Amino acid sequence: MIRELLSWYDVNKRELPFRKDKDPYRIWISEIMAQQTRIEAMLPYYDRFIKKYPDVKSLANADDEELHKMWQGLGYYSRCRNLKKSAIECMERYDGKLPGSKEELVKLPGIGPYTAGAIASIAYDENVSAIDGNVIRVFSRLYDIHEDVTLSSTKKKIEKLVNESLPGSEYISDYNQALMELGALICIPQNPRCDKCPLQNECEAKDPSSLPVTPPKKGRPCLEKQIFIWVCDEKIHLKKREEKGLLHGLYGFDETKPENIIKEIRLNPYSHIFSHVTWKMDAKVVYVDSCVDTCFYTLDQIVEKYAIPSAFKPFLDEIIDRKLVKYKP
DNA sequence: AAGTCGGGGGG
DNA sequence: CCCCCAGACTT
């Protein structure tokens with residue numbers, strides 16, 4: 001099975017920037033960016049990130065606001081904060097390098113069992129597993145496992161099967177990546193392309209589309225929000241979201257109504273869907289007569305310096321489109 | 001074990 | 001509308 005898989009991988013693997021070399025730092029960045037994110041979506045972020053932070057030291061010294069800006073739109077922003085935390089720890093405890101084993105890697109913030117295994121196997125050729133959603137899907141089908149894969153018992157069973165399949169350090173890097181690539185290109189969630197699968201002869205799944213088994217979905221609550229976009233002297237008020245919780249550390253608009261409103265313009269309503277909640281937003285641009293004592297920024301500043309989550313982007317776009325605030329004078 | 005944490009592409 | 005993605009962390 002290893003031979004078929006690796007042969008398939010040699011021919012069909014995608015050329016990805018982080019496959020060009022085995023720099024542990026670059027592998028690390030790519031794996032963090034790829035968490036719960038499609039490869040194509042993170043590619044432009046990856047190139048810009050490596051240019052700005054080419055090594056552990058530059059990342060450890062990163063400015064927090066610039067770091068958030070580099071991550072703007074990618075989501076799961078704790079990932080980039082943990083990157084910096086880990087980089088600092090690498091400077092202080094590991095001579096400015098990433099630790100050299102899965103066991104040590106997993107102790108760093110933001111690096112869990114999957115990412116530790118991916119870095120160790122790809123960068124160090126350590127013969128360890130890297131079990132992500134692709135591998136879970138591939139193995140649940142290979143062995144026709146009908147148990148709920150979110151149960152820890154099922155995960156352990158799959159981990160055991162994966163561990164027993166590991167090919168040794170000579171092939172581990174390609175093997176782990178090949179499993180994931182197979183899951184991404186052939187053994188896909190819906191309508192798997194079994195006719196093109198190199199493992200079709202040994203796959204035990206009778207109904208692959210029904211695997212892996214996951215628990216029934218839970219509803220997503222909807223939260224209605226009034227957004228007040230304070231504008232004064234061609235500048236927009238932004239508030240740093242300091243509270244712990246959703247989008248904390250990023251910048252957003254105010255949700256309180258200001259005192260002296262000169263004029264107000266209603267924007268198109270917009271509903272933003274997060275994983276576990278929906279924000280149904282109604283936004284108004286409110287022109288106020290004074291911006292002392294509050295944080296107001298030009299559109300140019302906002303676009304180049306402040307990390308705005310995608311949930312607010314439609315409002316910014318409409319402000320720009322309708323020229324409600326001066327932009328690029 | 002269940003919730004939290006983003007965003008987007010594709011059926 | 002739905003799914004889930006090279007998951008980790010908190011409760």
Side-chain angles (χ1 to χ4, degrees), chain A residues 9 13-14 16-19 27-46 68 71-83 85-86 105-122 129-138 148-156 162 173 175-185 187-192 209-221 241 243-250 252 270-279 307-314:
Chain A
Y9 181 64
K13 69 179 175 187
R14 295 168 287 183
L16 301 173
F18 43 87
R19 282 183 179 156
I27 304 295
W28 172 39
I29 302 301
S30 71
E31 290 301 338
I32 298 296
M33 280 189 175
Q35 289 170 2
Q36 292 295 287
T37 306
R38 282 172 220 288
I39 296 298
E40 313 83 67
M42 46 99 31
L43 289 181
Y45 287 85
Y46 175 78
H68 269 146
W71 213 265
Q72 173 182 325
L74 198 52
Y76 288 149
Y77 298 94
S78 64
R79 289 185 293 175
C80 66
R81 293 189 288 269
N82 282 332
L83 273 178
K85 283 186 198 167
S86 288
L105 284 163
V106 81
K107 297 177 184 171
L108 292 171
I111 299 185
Y114 161 72
T115 304
I119 298 171
S121 61
I122 297 171
S129 67
I131 304 175
D132 71 332
N134 290 306
V135 178
I136 289 177
R137 184 170 56 257
V138 169
D148 180 349
V149 294
T150 66
L151 297 175
S152 62
S153 57
T154 313
K155 289 189 213 164
K156 276 184 188 170
V162 175
S173 171
Y175 179 72
N176 280 342
Q177 294 183 76
L179 281 179
M180 294 189 277
E181 199 78 334
L182 188 71
L185 301 181
C187 196
I188 51 182
Q190 299 99 358
N191 308 113
S209 287
S210 70
L211 298 174
V213 175
T214 56
K217 50 146 174 55
K218 318 144 198 139
R220 179 164 34 217
R241 302 175 60 84
E243 328 82 83
K244 308 284 279 181
L246 198 54
L247 304 174
H248 80 267
L250 280 73
Y270 169 64
S271 290
H272 190 82
I273 302 169
F274 297 95
S275 305
H276 60 292
V277 66
T278 297
W279 283 358
I308 314 291
S310 297
F312 300 126
K313 191 162 182 300

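Throughout, a chain's letter reflects where its sequence line sits, starting with A, and its residues are numbered from 1. Predicted model, so just to flag it, every value in this text is computed and none were measured.
Nearest-nucleotide mapping onto DNA chain C: of A:Arg38 and A:Ala116, the residue sitting toward the 5' end is A:Arg38. Each of A:Gly73 and A:Ser153 was assigned the nucleotide of DNA chain B with the nearest heavy atom; the assignment lying further toward the 5' end belongs to A:Ser153. In this structure, A:Arg81 and A:Thr150 both approach DNA chain B, and ranking their closest nucleotides by distance from the 5' end singles out A:Thr150.
Checked against C:dC4, B:dC5, C:dA6, the side chain of A:Ile39 finds its nearest nucleotide in C:dA6. When each of B:dG7, B:dA1, B:dT4 is scored by its nearest atom to the side-chain atoms of A:Ser152, the top-ranked nucleotide is B:dA1. Out of C:dA6, B:dG6, C:dC5, the shortest distance to the side chain of A:Phe18 is found at C:dA6. Checked against B:dG6, C:dC5, C:dC9, the side chain of A:Pro109 finds its nearest nucleotide in C:dC9. If you check C:dA6, B:dG7, C:dA8 against the side chain of A:Tyr77, the one that comes closest is B:dG7. Among the nucleotides C:dA6, C:dA8, B:dG6, the one closest to any side-chain atom of A:Thr115 is C:dA8.
Going from atom CZ of A:Arg79 over to atom OG1 of A:Thr37 covers 4.0 Å, rounded to the nearest 0.5 Å.
Contact detail for A:Arg14 and A:Arg19: the closest heavy-atom pair is O-NH1, 2.8 Å.
Remark: P of B:dG6 and CG of A:Leu250 are 8 Å apart, rounded to the nearest angstrom. Nucleotide C:dA8 holds its P atom 17 Å from the NZ atom of A:Lys107, rounded to whole Å. In this structure, A:Met180 atom CE and C:dG7 atom C1' are separated by 12 Å, rounded to whole Å. In this entry the distance linking CZ of A:Arg220 with P of B:dT4 reads 13 Å, nearest Å. Straight-line distance from the CG atom of A:Leu43 to the P atom of B:dG9: 13 Å, rounded to whole Å. Put simply, CG on A:Asn82 is 12 Å from C1' on C:dG7, counting in whole angstrom units. One can place NZ of A:Lys244 at 11 Å from P of B:dC5, the figure rounded to the nearest angstrom. Atom pair A:Gln35:CD and B:dG7:C1' shows a separation of 15 Å (rounding to whole Å applied).
Between C:dA6 and B:dG3, the two P atoms lie 24 Å apart (nearest whole Å). Taking atom C1' in both B:dG6 and C:dC5, one finds a spacing of 12 Å when rounded to whole Å.
When the side-chain nitrogen and oxygen atoms of A:Lys218 are compared with OP1 and OP2 of B:dG3, one or more of them lie within a distance under 4.0 Å. OP1 and OP2 of C:dC9 both lie 4.0 Å or more from every side-chain N or O belonging to A:Tyr76. Residue A:His276 places at least one side-chain N or O under 4.0 Å from the OP1 or OP2 atom of B:dC5. Look at A:His272 and you'll find a side-chain N or O under 4.0 angstrom from OP1 or OP2 of B:dG7. Regarding contacts with the backbone of B:dG8, a side-chain N or O of A:Ser310 is found under 4.0 angstrom from either OP1 or OP2.
Counting non-hydrogen atoms under 4.0 angstrom, A:Leu16 reaches a base of the nucleic acid. Note on A:Gly245: only backbone sugar-phosphate atoms sit closer than 4.0 angstrom, heavy atoms only; bases stay farther off. Using a 4.0 Å heavy-atom criterion, one finds that A:Arg19 contacts the bases of the nucleic acid, with or without backbone contacts as well. Using a 4.0 Å heavy-atom criterion, one finds that A:Glu181 contacts the bases of the nucleic acid, with or without backbone contacts as well. If you check every strand for non-hydrogen atoms under 4.0 Å, A:Leu74 touches a base.
For the residue pair A:Arg137 and A:Asn134, a side-chain donor N or O sits within less than 3.5 Å of a side-chain acceptor on the partner. A donor-acceptor pair shorter than 3.5 Å can be found between the side chains of A:Tyr114 and A:Glu31.
Taking the six-membered ring for Trp and thresholds of 30 and 60 degrees, A:His68 and A:Tyr77 have ring planes more than 60 degrees apart, a perpendicular arrangement.
Note: A:Trp71 and A:Tyr45 fail the aromatic proximity criterion, with ring centroids not under 6.0 Å apart. Ring-centre distance between A:His276 and A:Phe274: not below the 6.0 Å cut-off.
Using the Watson-Crick or G-U wobble rule with both distances under 3.5 Å, C:dG7 pairs with B:dC5.
Taking 3.5 Å as the limit, the base of B:dC5 and the side chain of A:Arg79 contain no donor-acceptor pair of atoms between them.
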